[in-house]
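Quick note: numbers below take in every heavy atom, side chains included, and nothing from hydrogens, waters or symmetry partners. Just so it is clear: chains get the letters A, B, ... in the order the sequence lines come, proteins before strands, and each one is counted from 1.
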4 protein chains.
Amino acid sequence: MSKTRLEAFSDGVVAILITIMVLEFRVPHGAGWGDLAPMLPKFLTYVMSFVFLGIYWTNHHHLIHVTRGVSGGILWANLHLLFWLSLVPFGTAWMGENHDAAIPTAVYGVILLCDAIAYEILVRVILAHEGSSSELRKAIGKDMKGNVSLLFYLAAIPLSFVYTPLADALYAAVAILWLIPDRRIERHVVRT
Amino acid sequence: MSKTRLEAFSDGVVAILITIMVLEFRVPHGAGWGDLAPMLPKFLTYVMSFVFLGIYWTNHHHLIHVTRGVSGGILWANLHLLFWLSLVPFGTAWMGENHDAAIPTAVYGVILLCDAIAYEILVRVILAHEGSSSELRKAIGKDMKGNVSLLFYLAAIPLSFVYTPLADALYAAVAILWLIPDRRIERHVVRT
Amino acid sequence: MSKTRLEAFSDGVVAILITIMVLEFRVPHGAGWGDLAPMLPKFLTYVMSFVFLGIYWTNHHHLIHVTRGVSGGILWANLHLLFWLSLVPFGTAWMGENHDAAIPTAVYGVILLCDAIAYEILVRVILAHEGSSSELRKAIGKDMKGNVSLLFYLAAIPLSFVYTPLADALYAAVAILWLIPDRRIERHVVRT
Amino acid sequence: MSKTRLEAFSDGVVAILITIMVLEFRVPHGAGWGDLAPMLPKFLTYVMSFVFLGIYWTNHHHLIHVTRGVSGGILWANLHLLFWLSLVPFGTAWMGENHDAAIPTAVYGVILLCDAIAYEILVRVILAHEGSSSELRKAIGKDMKGNVSLLFYLAAIPLSFVYTPLADALYAAVAILWLIPDRRIERHVVRT
């Protein structure tokens, strides 16, 4: 079974998710700066979600690159990841409209957490299929970034109800963490 | 004639159908749990439709994998399948907004039934093109899952008017039936 | 220069055009047959436009299949075709909402006519690039279907203002003309 | 690392961006010429943005064609370009609704400028990865068109506030500049 279609389908879904978030930028009816200003929190949330989806896409790219073949289980673990990623535009739009509200901020974190767990499941299903001597297992390494991300999401969800900007800061920190180039990781760890 | 574009086009259409269903989650204006709660039936309908489209995508993946070439007839049988799949988001949105209403639930079943019939037609057109000694014919087997699915759809449509949740349960049963891993089938039957 | 990306990009655009037409089926708020009935003209227009886009996609598939390479001119002739195809969802939605009105019906015909002309231009640009001894020139043949289609569009546009259903019938006739299987053409003519 | 998925993902995103702009053509409720007329400025803005995205797509096609491999940095420089391209539909819709207003016209120019800068960054990241003796460096040449475009955007942004149609004319001039066939450039310069 070839992995071409799994890649093509995942590329399609992520490309659409990234672009439908733009549809939430409802065009203001007026034409002044005052009409543009209220869009700033929406825009910043869009930037962050774009980065998150970009991270998943590049990680997925690296992950499937070292995978030799696909099974039915891998197809479904991948669909499961795409399902949770598909909720990112909803979370983005809701938080973008209510950027200082606790619940939308916490829900955004729950979606990011489920994305991270679904990615982890996909990695494990692939590992089980590839076997312990696979190139992938060697490449996984300690996955510091993945663990730190999970920790930050888990902290941000309750913190949304204490002080919302702190949760936003934690989400942003995860995004920045993944953006930092790290040549050593690119060679050895799949996730970067 | 190569099958690459048939795969790419089908992947594109299914990827878009799966993601435009998310557009129906209109972001609530409020930011409380009370604003999120009414979305639950919509969400559950989305999960079910996501699984159905996922099933068709993985089945299509396996089906085309064992197909050697495409003809004009196969292209059109495939477009015919994509047509009926394209109605899934409409059915999902209508049933999601009226989850306890008989007619939307029955219409959802009619769409699923047409999807299943269109898939069956595609399989037959491919079989006619491949010839009786093809790898595909051997792989088809008895197609129990396909027959049970048809039966459940046919039962659910009239049952929508008797007791709507029963129809919902039958749809869910079909989705679960296909999700159950079945290693034996993966080797021998194309549809899994 | 390879033709893979031209195919992939065109597949993507047509897949999206076919599916965004479904977004025009705004879900009725009620849940009765009476809420579904007014959607019938919209649905029929959708079916017709789906068939038209399907025709262009399969024709494009065959056309590019016999093309050996692409040039900057071919890329742009292809983008020009995609531009006119991109107006089909608009024409479909307008005619679907006003199925007995002359102007939307005529505008739909104008869009179909421009699609046909753009396709013809693409064929000629490819022919100029491939040279007169190419496989494509032999495959083109007399292109009866193409010429009949152009004639029908040209007739339907003014007839929209005389008797609108007649124009609808002509559009449907073109769609059916292309759907009829024609094994001889499949071997010899690119367009089928 | 292969460049197939970078191409496929970029094709997907640009294909979606080009087509979601059509969603902004909200279907008029009436069916007369009077209902169509107010859409003209929107239509012209759509044509222009379609051409701009088409330019980026063909340039991207040529650029990646001469690129031998991709790195994590190239993936992110490409995502960065896609991010700014993703704002084109918003700019198009806002300017289309307010075609004689200074601020939407200036914002449209800012988006085009950021697109151009992001493209330039992508070129440089690829050059740094390919090395100075690469085919790409030879192909880049003087990039007159790119420099003229930047100059025109930089002029159009302040001019929007002086005389809006002049800014529109400058945008159109850039689009036309890129559409002019230039066989010599096609052979020597990547960007055409």
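Atom CH2 of D:Trp94 is separated from atom CG of A:Leu36 by 4.0 Å, given to the nearest 0.5 angstrom.
D:Trp76 and A:Ile55 get closest at one heavy-atom pair: CH2-N, 3.5 Å. Across D:Phe9 and A:Asp11, no two heavy atoms sit closer than the pair CD1-O, 3.7 Å. Between D:Asn98 and A:Gly30 the shortest heavy-atom distance is ND2-O, 4.0 Å. Of all non-hydrogen atoms in D:Val107 and A:Trp33, the two that sit nearest each other are CG2-CZ3, 4.2 Å. In terms of heavy-atom proximity, A:Val27 sits nearest to D:Ala93 at CG2-CB, 3.2 Å. The minimum heavy-atom distance between A:Ala15 and D:Gly12, with the atom names listed, is CB-C, 4.0 Å.
Top candidate by heavy-atom pairs under 4.5 Å with chain D, chosen from A:Ile18, A:Thr4, A:Val22, is A:Val22. Considering only heavy-atom pairs separated by less than 4.5 Å from chain A, the leading option among D:Thr105, D:Val13, D:Ile16 is D:Ile16.
In this structure, chain D has no heavy atom under 4.5 Å from any part of A:Ile20. No part of A:Ala8 comes within reach of chain D, as not one of its non-hydrogen atoms sits under 4.5 angstrom from that chain.
When the heavy atoms of residues 78-91 of chain A are compared with those of chain D, none of the residues falls under 4.5 Å.
Crowding of A:Tyr163 atom OH: a count of heavy atoms from other residues, nucleotides or ligands under 6.0 Å not exceeding 12.
Defined by atom type and a distance below 3.5 Å, a donor-acceptor pair is present between the side-chain atoms of D:Arg5 and A:His60.
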